[in-house]
Every structure is written in C-alpha cells, then in structure tokens.
Amino acid sequence: MDWKKSLKEKLERDNKARRSEAEMKDEEMALFTKFYSESNGCQKVSNSLNIPRFYYRLPAEDEVLQQKLREESRAVFLQRKSRELLDNEELQNLWFLLDKHQSPPMIGDEAMINYTNFQTVGEKAGQKCRPFFTAKVFSKLVHNDPYGRISIMQFFNYVMRKVWLHQTRIGLSLYDVAGQGYLRESDLENYILELIPTLPQLDGLEKSFYSFYVCTAVRKFFFFLDPLRTGKIKIQDILACSFLDDLLELRDEELSKESQESNWFSAPSALRVYGQYLNLDKDHNGMLSKEELSRYGTGTLTSVFLDRVFQECLTYDGEMDYKTYLDFVLALENRKEPAALQYIFKLLDIENKGYLNVFSLNYFFSAIQEQMKIHGQDPVSFQDVKDEIFDMVKPKDPLCITLQDLIQSSQGDTVCSILIDLNGFWTYENREVLVAADGESPADIDDT
C-alpha cells in the first residue's frame, strides 16, 4: 500500500507543478501584452505629434462643396504665385540697373558685371528679384572672363527664361483639373484651343479646322512624353521639352517659311499632315484601311509591316482613325527618337519577347526581298543583311537585339528602314553611290 500512496502523491505534485507552469505562462503573456500595448500607444502618440500630415484625400465626385473649395483655393494659390513674378515694368527697371552698374571693360559689344556690382543691383532691384541674385546663379554664368565677370545679357536672358517658365507653369496649372501636376489629353486640348487666337501664325486657320489642328498638336506631346500611354503628362515634362517652345514660336509674325515647314505645330505642317490623310482616304469614310495606308509616303512600306501596324495599333472595324494615323506618322518621321523606335520595335517584335532574333529579322526582310523581285531587282542575301545589322547595333547579346541596343547604337533608324521600307533599304544599300553623286568622296562616309 505504501507504493500506491507514494505514486498518488507524486502524481498530485506533478499536476500541481504543471498547473503552476501554465499559470505562469498565462501571466507572462498577459504582462507582455499589457506592456506591448502601452509601448505602441506611446509611440503612436509620439509619432502623431512629430510627423506632419502628408496625404489629403481628393474630394469624391458627389462632394460638390469640397471640390469647389479645392478649385477656389488652387485659383487663389496660382494668383498669388503669379503676383510674385516680375512684370514688364520691373523687368525694364532691372535692365536699367544692370546697364547702370556694368563693369568695364566690355568684351566686344558685350556688357559685363562683376560680383560686387551684381550684389549692389540685387539690393536695389527689390524683393521679387532677390532669388536671382545669388552666388549660385552668378557662378553658373561665369565662363572664361579674366576678371571673373558675367555677361549682363546672358544674366538678363536667364531671368527672362525663368519668369517665362513660371508663367507657363502657372498657365498650364490652370488646366490641371485634378490638381495633381499633370494634364490629361482633354486638359491639353483645352489649353491649345484657347492658345490658338494668341498665335499670329495660325490666323489663317479656319475655325472648322481647329479640332483637327488641336488633335494634331496634342498627339506630338502625348506620343513623345507619354510612352506608357497612361493618358496624362507631367507639367514638368511639358516645360522641360522643346515642344512648347516650338508651339509658342508661332507668336512670331515674321517666322520664315523654312521654320514653319520644319515646325510640327505650324499651320502648313498641320495642313500637310491632314491633307495626306485625306488623300489616302480614297473611299472618304474618314478612316484608313490597310490598302489605303500602303500608299503612305513613297508607297514602299512592306505588307508584312502594315499587317503588324493594324494588329498592334488601335483600329475600328479594321480601319485606322486620324489619331492613330498621327502616331504612325510621328514614328516614321522621327525614327531616330527613342519614342519612335519604341513604337516600331513593338511592331517588329512579333513574338512579344522583348528582343529581335534572327527569325524576326528574316520575317520582315523576306518581304523586302519579295518587293525587290516585283521591281525586277536581284534579292540581297538575308545572311549578309543580318550580319550588317548585328555589326551596326553591336548588341550585348550576340544573338538578339533589344530596344535599348537599338537606341544606344544610334543606328536604330537605319535598321528599322532596312526591315520595313524598300525605299529605305535601297537608300542604305546605295548610300555610297548617293554620297558620291552629291560630290563627296565615299572615303568620307562613316563606317556603319
């Protein structure tokens, strides 16, 4: 009986020890939870006091009052920013002060100013001019002057450019309906439409053509500045590119004919592009079929390439509208530009692999060979052309060519022309003869 009693007592002690251990774990967890919660609560309070609010929810469409308040506050903000800019009278006064404090001797006809006089003018010019009269600005404009001076004209042009950029930024921001620093397609259309009456070079445009002109102008911005086709462009990107300069160049009443012809935004250029579209549209339905588009340019684009255009680009019942046509024209007229190469590369990449291999090159060049036969020419060997293309591009991977390879090689336009256009291939194949015909020696030709 003693051993039974001993065993029973032992079991009771073990059970009591286990209960005590479980209770200890429960107590430990309760304390941990308590202290952890208190610590997080304190940290949360501390952070809320130190971190400023950085997210503000945009008003919903049904929150009319909040939307109106936001619009009014943005308008007031932009007006305040506009008042901070130098007006014409203040700019004239600045020029007078700079001219009065120039530092001799002059360099030819160029008036110069040293840093001491530069600071003096900054003090006299007024509060609005203070941001321009800094050591940083002065050092940017110092070149090789032996006296450490800067050109007064260069500095004044710098100020004018800055003022113009801020004015344009404010003007574009007025059309930024979302207030997020970007313009949608409709926003930019409204901006350009209201800009037309201020551009003397567009005075001859009929109002019935305005919508086509606006579409033509807007497409260039979106084709080059919105490569991912998000439907919006940052205002900063618009200001940084040269397109706005080209558009506002139309304010010059004495703009030369050559400048107008080379300016996409000019009336002759817009009428040329739209006229080409109408001439291609033989059935006058306002759209272009593949057969109609095949007569574009010299009419030597291959059918294989045109098939890819209609496969990849936006069409309506198998036909192309004016907006899609504009993208097509911008790509083919600017083949050296990365955005244009991206457009064409997507069409050449038939397998959607992100690179061009020998199969892709052969697929497109075989159509060139077929056209050469039709025109009574002896087809060129694909192997020779393939080797030349890889020699020109020098891709990182010797078996395939990426878009980045094409861009970095500076030969992307030539490669694209060889693969999609018989006339482009003929021009490349006979480049030495063409140069010699222009009176240049073939030895002067760049090794491509």
Side-chain angles (χ1 to χ4, degrees), residues 227 293-294 296-309 311-312 328-448:
L293 187 64
S294 67
Y296 172 81
T298 56
T300 53
L301 292 173
T302 65
S303 60
V304 170
F305 174 69
L306 292 173
D307 284 339
R308 287 293 295 156
V309 171
Q311 287 171 7
E312 291 292 332
F328 177 81
V329 172
L330 285 165
L332 294 189
E333 289 189 357
N334 301 274
R335 298 182 200 184
K336 290 182 179 292
E337 299 296 326
L341 288 175
Q342 179 181 341
Y343 177 97
I344 299 174
F345 184 87
K346 183 180 179 182
L347 303 178
L348 297 177
D349 183 16
I350 54 177
E351 298 178 291
N352 293 320
K353 291 183 176 180
Y355 60 82
L356 306 180
N357 53 22
V358 175
F359 173 79
S360 303
L361 300 182
N362 187 39
Y363 179 81
F364 284 95
F365 190 73
S366 60
I368 295 289
Q369 291 174 318
E370 288 297 323
Q371 282 197 354
M372 294 181 73
K373 291 178 183 178
I374 293 173
H375 289 81
Q377 301 173 357
D378 293 330
V380 177
S381 167
F382 168 71
Q383 290 298 326
D384 294 340
V385 173
K386 182 257 296 181
D387 291 341
E388 287 188 43
I389 289 176
F390 274 88
D391 286 342
M392 281 191 288
V393 177
K394 296 180 176 59
K396 292 182 178 179
D397 186 330
L399 298 178
C400 58
I401 299 172
T402 65
L403 174 60
Q404 200 60 34
D405 290 331
L406 279 181
I407 294 172
Q408 291 178 347
S409 70
S410 299
Q411 299 291 336
D413 59 317
T414 303
V415 172
C416 291
S417 297
I418 289 172
L419 296 174
I420 68 175
D421 185 0
L422 176 61
N423 189 55
F425 171 74
W426 185 88
T427 302
Y428 169 75
E429 191 70 6
N430 297 277
R431 60 198 182 281
E432 296 183 4
V433 177
L434 294 173
V435 172
D438 289 338
E440 297 180 22
S441 171
D444 296 331
I445 302 170
D446 292 336
D447 183 16
T448 56

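- Across F345 and T402, no two heavy atoms sit closer than the pair CE1-C, 3.7 Å.
- Two residues are said to be in side-chain contact when any heavy atoms from C-beta on lie closer than 4.5 Å; L419 and I368 fail this criterion.
- Of the inter-residue distances, the one linking S409 atom OG with Q404 atom CD reads 10.0 Å to the nearest 0.5 angstrom.
- In plain terms, the two heavy atoms of I350 and L347 that are nearest each other are CG2-O, 4.0 Å.
- Taking both residues in full, the closest heavy atoms of C400 and P395 are given as O-CB, 3.3 Å, listed atom of the first, atom of the second, then distance.
- For the atom pair CD1 (I344) and CG (L406), the distance works out to 9.5 Å, reported to the nearest 0.5 Å.
- Applying the side-chain hydrogen bond (donor to acceptor under 3.5 Å, both in side chains) criterion to R308, with sequence neighbours excluded, gives Q311, E312.
- Atom-to-atom distance recorded for L399:CG and L356:CG is 13.0 Å, nearest 0.5 angstrom.
- Using a 4.5 Å cut-off on side-chain heavy atoms (C-beta onward), L332 and I420 make contact.
- Here the closest non-hydrogen pair linking D413 and K336 is OD2-NZ, 3.1 Å.
- Closest heavy-atom contact between A340 and A331: CB-O, 3.4 Å.
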Inset, instruction - Could you walk me through whether C416 and L341 pass side chain to side chain contact (heavy atoms under 4.5 Å, CB included), step by step? - result: CA-CA 8 Å; C416 291; L341 288 175; 3.8 Å; yes
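- For N352, the CG atom is densely surrounded, since the number of other residues' heavy atoms within 6.0 Å is greater than 12.
- Remark: L348 CG to S360 OG distance equals 8.0 Å, nearest 0.5 Å.
- Between Y428 and M392 there is a side-chain heavy-atom pair separated by less than 4.5 Å.
- Formation of a donor-acceptor pair under 3.5 Å by the N334 side chain with backbone atoms of L330 is found in this model.
- Residues meeting the side chain to side chain contact (heavy atoms under 4.5 Å, CB included) test with K353, sequence neighbours left out: D349, E351, Y355, N357.
- Note that CD of Q377 is 5.0 Å distant from CE of M372, once rounded to the nearest 0.5 Å.
- Here ring pair (Phe, Tyr, Trp, His ring centres under 6.0 Å) pairs that include residues 356-376, with residues two or more places apart or in two chains, are F365-F425.
- In this structure, OG1 on T302 lies 11.0 Å from CD on E370, to the nearest 0.5 angstrom.
- Under the rule for a side chain to side chain contact (heavy atoms under 4.5 Å, CB included), the partners of T298 that lie at least two apart in sequence or sit in another chain are T300, D421, N423.
- A donor-acceptor pair under 3.5 Å is formed between the side chain of K394 and the backbone N or O of D391.
- For P338, the side chain to side chain contact (heavy atoms under 4.5 Å, CB included) criterion is met by I407, not counting sequence neighbours.
- Residues satisfying the side chain to side chain contact (heavy atoms under 4.5 Å, CB included) test with K386, not counting sequence neighbours, are V358, L361, F382, Q383, F390.
- Here the shortest heavy-atom pairing between Q342 and P227 reads NE2-O, 3.5 Å.
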